[in-house]
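Treat the numbers as computed from the prediction; the structure is a model and nothing was measured. One-based numbering along the sequence shown.
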Amino acid sequence: MTALLLLLVAVATASPNSGGVQSFAGGQRVLFDANGDGRLSKDEVLLICPTLQEALVAADALWDARPFSLSFSYLEMREFFDLDMFNRIDTNNDDRLSFDEMHAALTMESWFDYYDNNNDGFLDGPEAYMMEYLLETVDVYNSMFAKQHP
């Protein structure tokens with residue numbers, strides 16, 4: 001709970017564009033859209049978060065119910081994966097996704113592909129929502145860490 005409150009405060013107090021680029025396409029705000037086309041490309045995602053490890057550390061620190069546990073429950077990941085995907089990644093069937101299990105099953109590229117429902121190589125509209133949330137988590141974590149360790 002503390003981690004969630006910390007994330008909410010950090011997001012609320014961060015500048016509206018704390019490292020990401022925003023564009024407005026069709027009235028919809030797309031964070032981290034570096035070229036302004038209103039959608040996220042894989043390159044734009046990898047520019048903010050080049051490695052899965054970076055995403056996992058930020059997520060574990062900021063919105064995991066057990067910060068620094070190096071694993072996530074289905075309740076913590078249900079917004080990011082459907083139950084079928086969660087169960088495919090959870091190879092030891094302990095109802096938690098460890099960093100090792102996630103590294104064995106995913107890369108940032110394959111996570112991007114998981115959200116790219118129409119396979120057009122871009123995330124836009126509803127496809128982009130959860131990836132933007134993950135990238136914002138990484139951006140906030142990096143900003144907080146930089147402030148703690150100048």
Can a donor-acceptor pair be found, under 3.5 Å and without considering hydrogens, that links the side chain of [X] to the backbone of [Y]?
X    : Y    : value
D33  : G38  : yes
D90  : D95  : yes
E127 : R39  : no
D116 : D120 : yes

Show the nearest heavy-atom pair for residues [X] and [Y], with the distance to one decimal.
X    : Y    : value
S110 : A105 : OG-O, 4.2 Å
M108 : A55  : SD-CB, 4.0 Å
S41  : F112 : C-CE1, 3.5 Å
S98  : S71  : CA-CB, 3.9 Å

Task: Salt-bridge present (R96, E101; N to O < 4.0 Å) - done: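 Salt bridge: no.
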- [ ] Consider only side-chain N and O atoms of T51 and Q53, and report whether a donor and an acceptor are under 3.5 Å apart.
- [x] no
Answer yes or no: is there a side-chain heavy-atom contact under 4.5 Å between [X] and [Y]?
X    : Y    : answer
L52  : F99  : no
E132 : L123 : no
F32  : D139 : yes
F72  : F81  : no

Task: F86 and Y74 aromatic ring geometry - parallel, tilted or perpendicular at 30°/60° bounds - done: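 Perpendicular: the ring planes of Y74 and F86 meet at over 60°.
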Task: Geometric class of the Y133/F80 ring pair [parallel <30°, tilted 30-60°, perpendicular >60°] - done: parallel
Open item on the list: Is it the case that atom OH in Y114 sees more than 12 heavy atoms from other parts of the structure closer than 6.0 Å?
Closed with: yes
TODO: For E109, look at atom CD and say whether over 12 heavy atoms of other residues, nucleotides or ligands are found less than 6.0 Å away.
DONE: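 Above 12, so yes.
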Between [atom1] of [X] and [atom2] of [Y], what distance do you get to the nearest 0.5 Å?
X    : Y   : atom1 : atom2 : result
E76  : D60 : CD    : CG    : 8.0 Å
T137 : I48 : OG1   : CD1   : 12.5 Å
M85  : M77 : CE    : CE    : 9.5 Å
S73  : R78 : OG    : CZ    : 8.5 Å
L40  : L47 : CG    : CG    : 11.0 Å
E136 : C49 : CD    : SG    : 12.5 Å

Open item on the list: So, using side chain to side chain donor-acceptor pair (under 3.5 Å) as the criterion, who are the partners of E54 when residues are at least two apart?
Closed with: N142
Under a single-linkage definition using a 4.5 Å side-chain heavy-atom cutoff for Ile, Leu, Val, Met, Phe, Trp and Tyr, are [X] and [Y] assigned to the same hydrophobic cluster?
X    : Y    : result
V45  : Y129 : yes
M102 : L75  : no
L56  : L134 : yes

